[in-house]
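Labels below follow one simple rule: chain letters A, B, ... track the order of the sequence lines, proteins then strands, and each chain is numbered from 1.
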2 protein chains.
Amino acid sequence: MAKQVVPEGARRRRRPTQGGTVLSEEHFVRAALRVLREHGSTGLTARRLGTALGADPSTLYRYFAGMDDLTRAIGDELMGRALDGWEATGDWRVDLRALGLAIHASYLAHPQAAVLTASRVSGRPREIAVDETVLGILRGTGLADPEAVRTYHAFIDQSLAFAALDAGSLALTDQARAEDEAMWQSTYARLPAASHPHIAATAGHLARRMPHSAYPAVLEMLLEHTAARLEHPRERPSAASSPAEPGASFTRRR
Amino acid sequence: MAKQVVPEGARRRRRPTQGGTVLSEEHFVRAALRVLREHGSTGLTARRLGTALGADPSTLYRYFAGMDDLTRAIGDELMGRALDGWEATGDWRVDLRALGLAIHASYLAHPQAAVLTASRVSGRPREIAVDETVLGILRGTGLADPEAVRTYHAFIDQSLAFAALDAGSLALTDQARAEDEAMWQSTYARLPAASHPHIAATAGHLARRMPHSAYPAVLEMLLEHTAARLEHPRERPSAASSPAEPGASFTRRR
DNA sequence: GGGTTAAGGTCAATGGCGTTGGCATAAGGC
DNA sequence: GCCTTATGCCAACGCCATTGACCTTAACCC
């Protein structure tokens with residue numbers, strides 16, 4: 001049993017749980033975000049989800065094919081919230097910057113959920129909507145399609161990759177964070193200048209800079225690079241398109 | 001019991017397991033890489049590790065504080081291998097490019113292990129060695145310390161973030177990969193031009209570009225940006241240093 | 001509004017997991 | 001060759017995801 005999952009649109013009978021609530025995919029996703037925030041990125045379990053919803057853990061399987069399926073739904077929710085909190089102005093650079101920061105912020109608003117989902121492609125509607133939007137902005141600049149696609153690729157992967165990385169730091173439990181910071185104090189800050197001259201010389205700058213995300217900086221690099229391509233389409237061939245570029249040929253499945 | 005872990009350097013008595021092998025941290029890390037490759041990024045368990053080493057699962061706790069501690073050791077191993085396969089030429093741009101690609105390649109050589117470790121800071125010696133090396137290259141260009149640290153930050157986070165993201169695609173099991181590709185076919189490729197004109201118009205380019213990593217392209221952007229800063233230190237203030245830059249202020253713990 | 005049907009909630013069970021306390025034993029210092 | 005203790009092994013605990021069987025009741029038809 002419990003093998004067939006009825007898609008959300010086709011649901012009709014809504015039977016309340018023992019606790020009295022009427023379930024839905026939406027309920028599960030929202031409960032999952034709460035559980036994740038409370039119990040950490042590894043603390044999302046069917047049992048806890050059941051408790052949070054006042055339902056039996058196995059009820060999950062009436063709505064999702066498994067924990068993995070639920071995970072993808074959570075990712076799509078975060079992506080959708082990013083797009084909801086964004087509006088087009090018509091200026092490609094402003095729009096792309098705002099959208100990138102919105103994606104990054106949306107994931108970081110739920111760090112534990114972000115860790116779980118940011119490196120996965122859901123293929124769900126709200127993720128596709130973001131892809132369509134980014135491609136639209138880039139093609140609207142007048143970039144040729146191959147160039148627009150290359151830039152889209154760099155933009156979306158960079159946004160998700162940094163969302164995942166930065167979320168990892170925020171998602172640490174208090175205890176793990178204490179250990180992390182203790183490690184920083186006990187190792188990096190104490191390295192002798194003799195063996196590690198460069199770290200020792202910049203320890204102050206490192207301590208100030210490292211607790212922040214590098215995403216805004218690299219996003220600006222991408223925008224600058226794209227702007228330069230628009231101004232001088234031929235003079236500065238894109239790094240991504242240079243056939244001499246090393247290491248570009250290995251395959252990623254996605 | 002099993003609470004005190006003797007550090008590797010202090011070990012003296014080496015008692016063989018029932019299988020006859022003599023254990024060490026190194027043995028555990030290598031066995032973990034094998035288990036991960038064979039059973040996927042979620043397939044690393046104490047029991048399997050025991051089987052792989054011909055030892056009891058609980059033996060792990062004589063060498064590591066827990067699975068988490070082992071995970072950090074695995075990450076440090078990957079970082080160390082990256083540095084081992086790299087040599088300085090004295091040309092900062094060549095060296096930084098080679099080191100970035102070496103880190104990326106080292107993680108992608110063990111995708112399942114990379115998924116587990118790439119977004120974590122180990123604080124172990126070989127990771128610190130990479131940090132020292134990168135800072136040395138950048139300070140050697142003549143960049144001022146704050147600028148060198150900013151660039152180091154962007155470089156190392158970008159490298160790790162893309163390592164994690166790209167590894168995620170490579171680490172999928174055959175079945176999960178089949179599902180992923182089926183999804184690509186069943187959704188993106190079939191989106192009607194009416195609702196998703198930009199995806200529809202670029203479907204061919206997307207299919208060609210997306211299976212590759214965007215890391216080499218964004219690495220070139222960073223190198224280009226840094227070169228421009230060296231040529232015109234005042235004319236083009238770094239995006240990362242611009243006080244007007246939006247969204248740069250939220251905190252990451254690291 | 002009564003009958004039928006199956007969606008969807010619950011229960012119990014399975015086999016896996018990390019981790020720990022107690023115990024046995026062999027390595028190494030003397 | 002004795003003593004200490006590091007280190008390996010065993011059994012057990014309380015979690016976990018997932019499933020098959022059961023049962024309740026909402027929704028639809030007339």
Side-chain angles (χ1 to χ4, degrees), chain A residues 1-28 31-32 35-36 39-72 116 173 175-176, chain B residues 1-28 31-32 35-36 39-72 116 173 175-176:
Chain A
M1 293 302 173
K3 283 267 182 174
Q4 285 291 23
V5 174
V6 177
E8 186 70 12
R11 291 187 180 273
R12 306 212 181 157
R13 307 185 185 184
R14 303 259 174 193
R15 182 181 157 190
T17 69
Q18 281 186 336
T21 46
V22 174
L23 299 178
S24 67
E25 283 193 10
E26 182 66 20
H27 272 85
F28 273 98
V35 169
L36 280 166
H39 293 95
S41 53
T42 62
L44 180 66
T45 72
R47 283 170 218 279
R48 276 207 258 258
L49 217 37
T51 309
L53 288 167
D56 190 86
S58 63
T59 312
L60 169 71
Y61 296 86
R62 300 284 182 200
Y63 291 84
F64 299 93
M67 288 305 264
D68 205 75
D69 194 26
L70 171 62
T71 297
R72 264 178 291 153
L116 225 55
T173 62
Q175 188 197 340
Chain B
M1 295 292 175
K3 283 267 179 170
Q4 285 291 23
V5 174
V6 176
E8 187 70 12
R11 291 190 178 274
R12 305 208 180 159
R13 307 185 183 183
R14 302 265 175 187
R15 183 177 159 189
T17 68
Q18 281 188 334
T21 46
V22 174
L23 300 178
S24 67
E25 282 194 11
E26 181 66 22
H27 272 85
F28 274 98
V35 169
L36 281 166
H39 294 97
S41 53
T42 62
L44 179 66
T45 72
R47 285 166 216 279
R48 274 207 260 259
L49 216 37
T51 310
L53 287 167
D56 190 86
S58 65
T59 312
L60 169 72
Y61 295 85
R62 299 288 183 199
Y63 291 85
F64 299 92
M67 288 304 264
D68 205 74
D69 194 27
L70 170 63
T71 297
R72 264 178 291 155
L116 226 54
T173 63
Q175 187 198 340

In whole angstroms, the gap separating C1' of C/dT19 from CG of B/Leu70 amounts to 14 Å
Let me confirm one number: the OG1-CG distance from A/Thr42 to A/Leu36, rounded to the nearest 0.5 Å. 9.0 Å
Heavy-atom pair with the smallest gap, counting every atom of B/Leu60 and B/Met67: CD2-SD, 3.5 Å
Rounding to an integer number of Å, can you tell me how far B/His27 NE2 sits from D/dG8 P? 11 Å
Please assess B/Thr59 against B/Leu53 for the test side chain to side chain contact (heavy atoms under 4.5 Å, CB included), listing each intermediate value before the final yes or no. CA-CA 10 Å; B/Thr59 312; B/Leu53 287 167; over 6 Å; no
Given atom CZ of B/Arg62 and atom P of C/dA26, what is their separation to the nearest angstrom? 16 Å
Separation of C/dG8 P from A/Glu25 CD (nearest whole Å): 11 Å
Tightest non-hydrogen contact, residues B/Ala32 and B/Leu70, listed as CB-CD2, 4.4 Å
Which angle, rounded to 10°, do you find between the first-five-pair axis and the last-five-pair axis of the helix from C/dG1-D/dC30 to C/dC30-D/dG1? 30°
Please report the distance, rounded to the nearest Å, between CG in A/Leu60 and P in D/dT19. 11 Å
Is the B/Tyr63 ring parallel, tilted or perpendicular to the B/Phe28 ring (thresholds 30°, 60°)? tilted
Residues in side-chain contact (heavy atoms from CB on, under 4.5 Å) contact with B/Thr45, at least two apart in sequence or another chain: B/Arg47, B/Arg48
In whole Å, I'd like the distance from the OH atom of A/Tyr63 to the P atom of D/dT18. 18 Å
Base contacts versus sugar-phosphate-only contacts with protein, heavy atoms under 4.0 Å: please encode nucleotides 12-18 of chain C as B, S and - from 5' to 3'. -----BB
Nearest heavy-atom contact between B/Val35 and B/Ala52 is CG2-CB, 4.0 Å
Take atom CG of A/Leu49 and atom P of C/dT10, then tell me their distance rounded to the nearest Å. 13 Å
Could you tell me which non-hydrogen atom of A/Leu116 sits nearest to which non-hydrogen atom of A/Thr71, and how far apart they are? O-CG2, 3.8 Å
